[in-house]
2 protein chains.
Amino acid sequence: MKSIAEKLKEKNIRPSYQRMKIFEYLNNERNHPTADQIFRYLVKEMPTLSKATVYNTMDIFRKAGLVRVVNIEDNEARYDSEVSVHGHFKCELCGKIYDFPIDTDALSSNVLKGFKITEKDVYFRGICPECRNRNK
Amino acid sequence: MKSIAEKLKEKNIRPSYQRMKIFEYLNNERNHPTADQIFRYLVKEMPTLSKATVYNTMDIFRKAGLVRVVNIEDNEARYDSEVSVHGHFKCELCGKIYDFPIDTDALSSNVLKGFKITEKDVYFRGICPECRNRNK
DNA sequence: ATATGTGCAAACTGTTTGCAGCCGC
DNA sequence: GCGGCTGCAAACAGTTTGCACATAT
């Protein structure tokens, strides 16, 4: 089991304390947090933490392929430590975001022949089973 | 062929001059414009037009199902007068946004059984054929 | 006359930037 | 000591809001 520091070094990211804590948080809480959520959680144990550092770090992680940015909400970005191709479902009632697998081949129909596709985002919205049952 | 005024009335939207011009623009220029593009174009012939009116109008249109909001860019929203389910591809080089059909059944796999899906957004990014050829 | 729509400016929010100081190699 | 990282504050952009005035029925 690799240490966090090693994982960051592999990507040529200097493992500062802040970066390691942010990375640790992302991999423990897999709730697609916003930058603000990450900040508010970590500032409790690191009172001098700055939001700019969170943004900087997320950008570095994104460029290194350690996180995916989830823009399922129009106003603010969320971060996903699961970087493989998959879809996101947001429940309009409870706000929870679910991951789900997608058949990426079925999607990229032959209509996009000639296009080089480097990024695929699939966002669904609706009501999750829990909320549907609750309102019955 | 219905007049624009009639189309708006059908949706219980009072056909003010501004709203008709905005609706007309959306259906003529099918370039997935931003609010700012709509504003900058129309302010030329309507110097007193306000950006707030553009935003208000787009919100009314969206609620009435006349436009779809395209959030393929993280910073600003785009509007699509084509409201049927389809995907969007953005070329990272020329910035152009292409529509493409999606097999919506292939997408909603049985993994999302129990979920009520009301909205589907599919965003791809990459390089379009034109740009690929240009750089050869 | 009353409802609704418009336009202006100010507020708001998420994000980015510049820069001074700090830390680690 | 040097390069890189952090934290603060200010700047920034897109969007929303409050309100007075204009407009349409």
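Convention: sequence-line order gives letters A, B, ...; per-chain numbering from 1. For the numbers below, each heavy atom of this structure counts, side chains included, while hydrogens, waters and symmetry mates do not.
Listed nucleotides C/dG7, C/dT6, C/dG14 differ in distance to B/Thr48; the shortest reach to its side chain belongs to C/dG7. You'll find that the side chain of B/Ala77 is closest to D/dT15, out of D/dT15, D/dG7, D/dT6. The side chain of A/Asn56 lies closest to C/dT17, out of C/dC8, C/dT15, C/dT17. Nearest nucleotide to the side chain of A/Ala52, out of D/dG3, D/dG7, C/dT15: D/dG7. Nearest nucleotide to the side chain of A/Gln18, out of D/dG7, D/dT17, C/dG5: D/dG7. When the nucleotides C/dT6, C/dT4, C/dT17 are ranked by their closest atom to the side chain of B/Thr53, C/dT6 comes out on top. Of the candidate nucleotides D/dT15, C/dT6, C/dT15, C/dT15 has the atom lying nearest to any side-chain atom of A/Lys51.
Looking only at side-chain heavy atoms (C-beta outward), A/Leu26 and A/Pro33 come within less than 4.5 Å of each other. Using a 4.5 Å cut-off on side-chain heavy atoms (C-beta onward), B/Glu45 and B/Leu42 make contact.
In this entry the distance linking CG of B/Asn71 with P of D/dG14 reads 14 Å, nearest Å. Remark: P of D/dG14 and OH of B/Tyr79 are 12 Å apart, rounded to the nearest angstrom. To the nearest angstrom, C1' of C/dT16 lies 16 Å from CZ of A/Phe39. Atom CG of A/Leu8 is separated from atom P of C/dG24 by 16 Å (rounded to the nearest Å). One can place CE of B/Met46 at 13 Å from P of D/dT23, the figure rounded to the nearest angstrom. We find that NZ of A/Lys63 is positioned 10 Å from P of C/dT16, with the value rounded to whole Å. Whole-Å rounding puts the A/Ile60 CD1 to C/dT16 P distance at 13 Å. At whole-Å resolution of the value, CD in B/Glu76 and C1' in C/dT15 are 14 Å apart.
If you take CG on B/Leu66 and CG on B/Leu8, they are separated by 6.5 Å, rounding to the nearest 0.5 Å.
Heavy atoms of other residues, nucleotides or ligands lying less than 6.0 angstrom from OH of A/Tyr25 number more than 12.
Residues A/Glu24 and A/Lys21 are paired through a salt bridge, judged by an N-O separation under 4.0 Å between the basic side chain and the carboxylate.
Residue-level contact check: A/Ser16 touches the backbone only, with heavy atoms under 4.0 Å from sugar-phosphate atoms and none from bases.
Dashed line: the shortest gap from a side-chain N or O of A/Tyr55 to OP1 or OP2 of C/dT16 is not under 4.0 Å.
DNA chain C is contacted by both B/Ile13 and B/Asp74; B/Ile13 maps to the nucleotide lying nearer its 5′ end (nearest heavy atom per residue). DNA chain D is contacted by both B/Arg14 and A/Thr57; A/Thr57 maps to the nucleotide lying nearer its 5′ end (nearest heavy atom per residue).
Nucleotide C/dT6 is matched to D/dA20 when pairs are restricted to Watson-Crick or G-U wobble geometry with both distances under 3.5 angstrom.
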